[in-house]
Amino acid sequence: MAKEITSREENYSQWYNDIIKKAGLADNSAVRGCMVIKPYGFAIWENMKAELDRMFKETGHVNAYFPLFIPKSFLSKEADHVEGFAKECAVVTHHRLMNNPDGSGVVVDPSSKLEEELIVRPTSETIIWNTYKDWIKSYRDLPLLINQWANVVRWEMRTRPFLRTTEFLWQEGHTAHATKDEAIAESRLIHDVYAKFAEEYMAMPVIQGSKSENERFAGAVETYTIEALMQDGKALQAGTSHFLGQNFAKAFDVKFSNDKNTEEHVWATSWGVSTRLVGGLIMTHSDDEGLVLPPKLAPYQVVIVPIPKPLPELMETIDKFEQELKDAGIRVLVDRDEKKRPGFKFAEYEMKGIPIRFGIGPRDLEKGQIEVARRDTKEKSAVAMEGIIAHAKQLLEEIQNNLFERAKNFRSEHYSSAETFDEFKEILEKKGGFIEAHWDGTVETELKIKEQTKATIRCIPLDAKQEEGKCILTGAPSKQKVIFAKSY
RNA sequence: CGGGGCGUAGCGCAGCCCGGUUAGCGCACCUGGUUUGGGACCAGGGGGUCGGAGGUUCGAAUCCUCUCGCCCCGACCA
């Protein structure tokens, strides 16, 4: 029935908001632009986090934690960096409140004004590089491979739950290296980790590429990105990994002595993914009936609904399956609610995107079978109780694969090539999606295209074939196609 | 910051134009009963500063002024 969810066709943004609300992922908060991540939504993030953390550690990184506040002066040490973030910083100017003399509550105590304002971190390059200065003296201190899980604040004009909130959760890796090549290799390594995570865990296909100068991270020499395609034909930048060159080392005077006792500036990378991924996950798979979650990240992979309710004669069997599923490493939820009827529960768990539902009633008990429903295709089938655990395990894999294939198909259907600007505009208007096209390589052209079409260069794909062509806007020569799209 | 919309019970809304007893409906909630294989039904019940302030009036959810907040679309951005 999908009660209360706006259809995608009717209003895509409303649909997105409905899913978040009805599936219990997040709420708006008392603070404009900030959301409350509810337990079910946070569980998805925790699963993402656990997997990413494992991948980072597997590739030699360790976690640390740096302060929330950054002295204002730090931010301005790297010129491009401050320019990129200055307009969206929350600033702490005082540290104390006092009772309002007129009795109307509390006011800022003017005598508590800070000598130097503190910035709530929009990203931590500056405070971290200020710290690295003390940590790095010799080539023996390198590489330094550190990640932190943190919250950051960017005072954006327009926010959307998960996709862009004033405060968001993320991880930010900050590494230091002795050579340029090593730093580039590091940023590429993480770029690959992100792509692998997106595709294998989120079942969200991505295009890997580098950013144009205009879209590059403030302070970076090169930004690598993974770009995903949402169901409304808009692209989502899902993760970025930056090669920072020696920009921050120079700004914070971080030098090391090499094995020939010569001083050199350190080479750096930084990389991050955020709670935005949850938004990407929602928009990649979900449908008009609610959330659809890939099994690998679903808080619960199987839900068992006793039909018509948790009768004692059913629960013995159900408790046994619950334990067996747990033992098999499957996250399972048993609905022991006495009051709600099965139909209600079915709709509820579809809304919440649980990949597999087991329905078990007296009839099933008699026949030694279980009604197995999969969320991705909505198919239902009767499966013998014997071997059900193995069946569930295999079905979870199948669902994971199916979601990825489905998303890949959608992307192929929304991946076009344009030779002329008219063609480009027509595709954008008719179906959106990614459009590959020749571009003359200049910022001016990119900005003009953006102005006329709202589309930007999502990335210069790493695997693009080299071919002679003409820029769709200016006709100037181009050596390869780049990928355009409207984006979030 | 521009353009549009909206603030009435936890949620979704009606009532407002055209002022008039005790502010209403659906869902949710509580109690009891009957039900239960795709969002059950009956009966009873609880819950409201009508976003806030000021004004007009015998009387304001309703009219006027100011104000606060939220949502959508855009500019900005992960």
Side-chain angles (χ1 to χ4, degrees), chain A residues 1-6 10-18 21-22 24 27-34 83-89 122-123 151-172 194 211 214-218 220 223 225-228 235-242 270-280 289-290 305-311 314 337-351 357-367 369-371 373 378 380 382 450-451 454 456 458 486-488:
Chain A
M1 282 266 303
K3 212 159 76 175
E4 296 160 3
I5 294 185
T6 307
E10 190 187 333
N11 183 342
Y12 192 83
S13 327
Q14 194 55 50
W15 166 80
Y16 177 76
N17 288 339
D18 284 352
K21 202 77 196 268
K22 311 290 181 199
D27 270 342
N28 285 324
S29 76
V31 183
R32 180 213 282 274
C34 295
E83 200 191 317
F85 288 105
K87 286 173 290 182
E88 50 191 52
C89 288
T123 179
N151 57 340
V152 289
V153 166
R154 295 184 189 173
W155 214 270
E156 304 285 359
M157 290 177 178
R158 173 127 187 262
T159 59
R160 292 157 83 72
F162 290 109
L163 293 176
R164 184 174 303 105
T165 45
T166 301
E167 178 192 15
F168 57 95
L169 305 182
W170 76 344
Q171 58 70 217
E172 46 179 328
Y194 285 165
K211 284 292 187 187
N214 183 50
E215 295 277 327
R216 201 176 286 153
F217 175 75
T223 288
T225 179
I226 55 171
E227 297 285 325
L236 183 76
Q237 177 174 310
T240 46
S241 177
H242 317 290
S270 71
W271 28 274
V273 294
S274 72
T275 35
R276 165 177 267 200
L277 289 180
V278 177
E289 273 73 49
V305 179
I307 298 168
K309 64 178 188 177
L311 305 165
L314 289 174
D337 189 304
E338 301 267 347
K339 292 282 166 72
K340 297 201 170 62
R341 306 174 79 206
F344 181 90
K345 293 178 179 180
F346 296 165
E348 189 70 15
Y349 295 121
E350 273 157 20
M351 183 91 85
R357 185 184 71 234
F358 283 1
I360 305 179
R363 251 154 44 191
D364 303 290
L365 223 50
E366 221 168 89
K367 293 184 193 159
Q369 64 183 32
I370 288 175
E371 182 190 82
K378 308 287 267 320
K380 283 196 282 196
K450 182 181 178 183
E451 206 175 295
K454 306 264 163 67
T456 51
R458 298 326 302 155
K486 287 187 194 169
S487 76
Y488 275 98

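Throughout, protein chains are lettered first and strands after them, A, B, ... in sequence-line order, and every chain is numbered starting at 1. Fair warning: this is a prediction, and the values are worked out from it, not measured in the lab.
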Can you give me the dot-bracket string for RNA chain B, 5' to 3', counting Watson-Crick and G-U wobble pairs with both distances under 3.5 Å, using [ ] for crossing pairs and | for partners on another strand?
((((((((.[[[[.)....(...]]]].((((((.....)))))).....[[[[[..)....]]]]])))))))....
Does A:Lys378 or A:Lys454 map to a spot on RNA chain B nearer the 5' end, using the closest nucleotide for each?
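In this pair, the answer is A:Lys378.
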So, does A:Arg154 use its side chain to make a donor-acceptor pair with the main chain of A:Glu88 at under 3.5 Å?
no
Is it the case that the side chain of A:Arg276 and the backbone of A:Leu236 share a donor-acceptor pair, with hydrogens and angles ignored and the cut-off at 3.5 Å?
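Judged by distance alone, no pair lies under 3.5 Å.
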So, does the side chain of A:Lys380 form a donor-acceptor pair with the base of B:G38 at under 3.5 Å?
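Flag set: donor-acceptor pair detected.
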Quick check: any donor-acceptor pair below 3.5 Å linking the side-chain of A:Glu350 to the base of B:G38?
yes
Measure the distance from NZ on A:Lys340 to P on B:G37 and round it to the nearest whole Å.
16 Å
Between B:G39 (P) and A:Lys22 (NZ): distance, integer Å
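For the pair A:Lys22 NZ and B:G39 P, the rounded distance is 19 Å.
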Rounded [atom1] spacing from [N] to [M] in Å:
N     : M     : atom1 : value
B:G54 : B:C13 : P     : 29 Å
B:G20 : B:A61 : C1'   : 13 Å
B:U62 : B:C50 : P     : 10 Å

Non-hydrogen side-chain atoms of A:Glu215 and A:Arg458 separated by less than 4.5 Å:
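The answer is yes; the side chains approach within 4.5 Å.
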Below the 4.0 Å mark, does B:G69 have OP1 or OP2 next to a side-chain nitrogen or oxygen of A:Asn28?
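Negative; the distance criterion is not met.
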Answer yes or no: does a side-chain N or O of A:Arg341 lie under 4.0 Å from OP1 or OP2 of B:G38?
no
Among [options], which nucleotide has an atom closest to any side-chain atom of [X]?
X        : options             : result
A:Thr165 : B:G39, B:G38, B:A78 : B:A78
A:Lys450 : B:C76, B:G39, B:A78 : B:C76
A:Pro342 : B:G39, B:U35, B:G37 : B:G37
A:Glu348 : B:G39, B:U35, B:G38 : B:G39
A:Phe346 : B:C76, B:G38, B:C71 : B:G38
A:Met157 : B:G37, B:A75, B:G38 : B:A75

Report the residues that fulfil side chain to side chain donor-acceptor pair (under 3.5 Å) with A:Arg357, sequence neighbours left out, ordered by chain and then residue number.
A:Glu350
Students often get this wrong, so: under 4.0 angstrom with heavy atoms, is A:Arg160 touching a base, only sugar-phosphate, or nothing?
sugar-phosphate
